[in-house]
Amino acid sequence: MRQHYPHNITLKVKSNVAVAGTSLSGFCTGALLGAGASLYFTGTECTKVVYTSSSSGSTGYPRESYSTATIVRSIISLDWSGTSSVASFHFPIPDQLPSSMNHEDGNGSFIIISYQLKLQLGGREIVEVVPIQIISKPVCNPTPSPYVEDHVRRR
């Protein structure tokens with residue numbers, strides 16, 4: 001039998017925007033959080049490519065190709081202090097994550113990279129979802145390619 005949890009449970013993050021390689025923190029509140037609460041950080045990439053396929057000598061046929069991939073899925077531990085109904089969390093964001101994005105080309109093709117925190121109770125019911133905007137980690141001291149160095153010298 002499915003358990004029903006009250007909807008007075010909340011998930012709060014310090015900031016919904018984070019740079020890859022830094023950390024995300026916040027807290028959860030609610031009376032039943034101790035009963036099988038899990039917090040997940042997930043990232044997904046969804047793409048659709050519209051293209052034309054043709055046989056030799058015939059007109060093209062419109063085709064579509066779809067793909068969905070999980071970029072990251074991490075379980076975040078909740079820090080319960082005593083009998084409190086507040087659980088805090090703090091976790092590092094992997095430093096190689098691509099930036100969040102949503103791009104459409106006007107012909108039906110698109111790419112979406114999105115991240116979110118999900119609070120789940122009892123192993124089944126998702127109680128709260130918070131979207132997270134990730135900015136990819138800046139490259140430190142980039143080494144220019146030989147092509148760039150050669151191009152700059154010619155000017």
Side-chain angles (χ1 to χ4, degrees), residues 3 5-51 64-155:
Q3 289 183 298
Y5 297 96
H7 293 278
N8 62 349
I9 296 172
T10 59
L11 170 61
K12 300 285 184 187
V13 292
K14 187 175 179 181
S15 174
N16 289 50
V17 179
V19 175
T22 62
S23 60
L24 206 63
S25 60
F27 62 91
C28 305
T29 62
L32 293 174
L33 280 177
S38 301
L39 185 61
Y40 298 95
F41 175 65
T42 61
T44 307
E45 174 189 26
C46 300
T47 58
K48 173 185 171 187
V49 177
V50 178
Y51 61 97
E64 296 176 351
S65 182
Y66 297 89
S67 175
T68 300
T70 299
I71 298 170
V72 64
R73 185 173 190 269
S74 301
I75 299 173
I76 302 159
S77 61
L78 295 170
D79 182 22
W80 294 94
S81 17
T83 59
S84 173
S85 63
V86 177
S88 62
F89 62 88
H90 181 88
F91 70 98
I93 299 169
D95 62 355
Q96 298 300 317
L97 293 180
S99 294
S100 302
M101 66 182 301
N102 185 342
H103 176 74
E104 297 181 38
D105 73 350
N107 295 319
S109 296
F110 63 81
I111 181 169
I112 300 168
I113 297 176
S114 61
Y115 300 93
Q116 57 192 0
L117 282 174
K118 292 180 187 178
L119 179 61
Q120 189 172 355
L121 291 178
R124 292 177 287 202
E125 183 178 0
I126 295 176
V127 177
E128 186 125 14
V129 177
V130 176
I132 304 294
Q133 181 94 20
I134 297 294
I135 301 167
S136 62
K137 184 177 178 180
V139 178
C140 297
N141 297 326
T143 305
S145 71
Y147 172 77
V148 172
E149 290 177 356
D150 188 44
H151 181 70
V152 171
R153 276 188 238 131
R154 288 183 186 177
R155 289 186 156 198

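Residues: numbered from 1 along the sequence shown. What's counted below: heavy atoms across the whole structure, side chains too, no hydrogens, waters or symmetry copies.
With rounding to the nearest 0.5 angstrom, the CE atom of Met101 is 9.0 Å from the CD atom of Glu45. To the nearest 0.5 angstrom, Ile111 atom CD1 is 9.0 Å from His103 atom NE2. Atom CG of residue Leu39 and atom CD1 of residue Ile75 lie 10.0 Å apart, to the nearest 0.5 angstrom. Note: Gln133 CD to Ser99 OG = 8.0 Å, rounded to the nearest 0.5 Å.
Across all their heavy atoms, Thr68 and Thr44 have their closest contact at CG2-CG2, 3.7 Å. Tyr115 and Ser100 make their closest contact through CD1-OG, 3.3 Å (heavy atoms, listed as atom of the first residue, atom of the second, distance). Closest approach of Tyr40 and Ile76 over heavy atoms only: C-CD1, 4.1 Å. Scanning both residues, Cys28 and Leu11, for their nearest heavy atoms gives SG-CD1, 3.5 Å. Nearest approach of Tyr51 to Ser65, heavy atoms of both residues: CE2-CB, 4.0 Å. Lys137 and Val19 make their closest contact through CA-CG1, 4.1 Å (heavy atoms, listed as atom of the first residue, atom of the second, distance).
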Check against side-chain contact (heavy atoms from CB on, under 4.5 Å), Phe41 and Ile134: CA-CA 12 Å; Phe41 175 65; Ile134 297 294; 4.1 Å; yes
Thr70 and Thr42: CA distance, side-chain angles, deciding distance, side-chain contact (heavy atoms from CB on, under 4.5 Å) verdict: CA-CA 8 Å; Thr70 299; Thr42 61; 5.8 Å; no
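In this structure Ser15 satisfies the side chain to side chain donor-acceptor pair (under 3.5 Å) test with no other residue, sequence neighbours excluded. Not counting sequence neighbours, the partners of Lys48 by the salt bridge (Lys or Arg N to Asp or Glu O under 4.0 Å) test are Glu64.
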Compile the donor-acceptor pairs under 3.5 Å between side chains in residues 89-97 and protein atoms, sequence neighbours left out, one pair per line.
| residue | atom | partner | partner atom | Å |
| --- | --- | --- | --- | --- |
| His90 | NE2 | Ser23 | OG | 3.4 |

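A donor-acceptor pair is defined here as one N or O able to donate and one able to accept, closer than 3.5 Å; no such pair exists between the side chain of Asn107 and the backbone of Ser109. Checked by atom type and distance alone, the side chain of Asn16 pairs as donor or acceptor with a backbone atom of Pro131 at under 3.5 Å.
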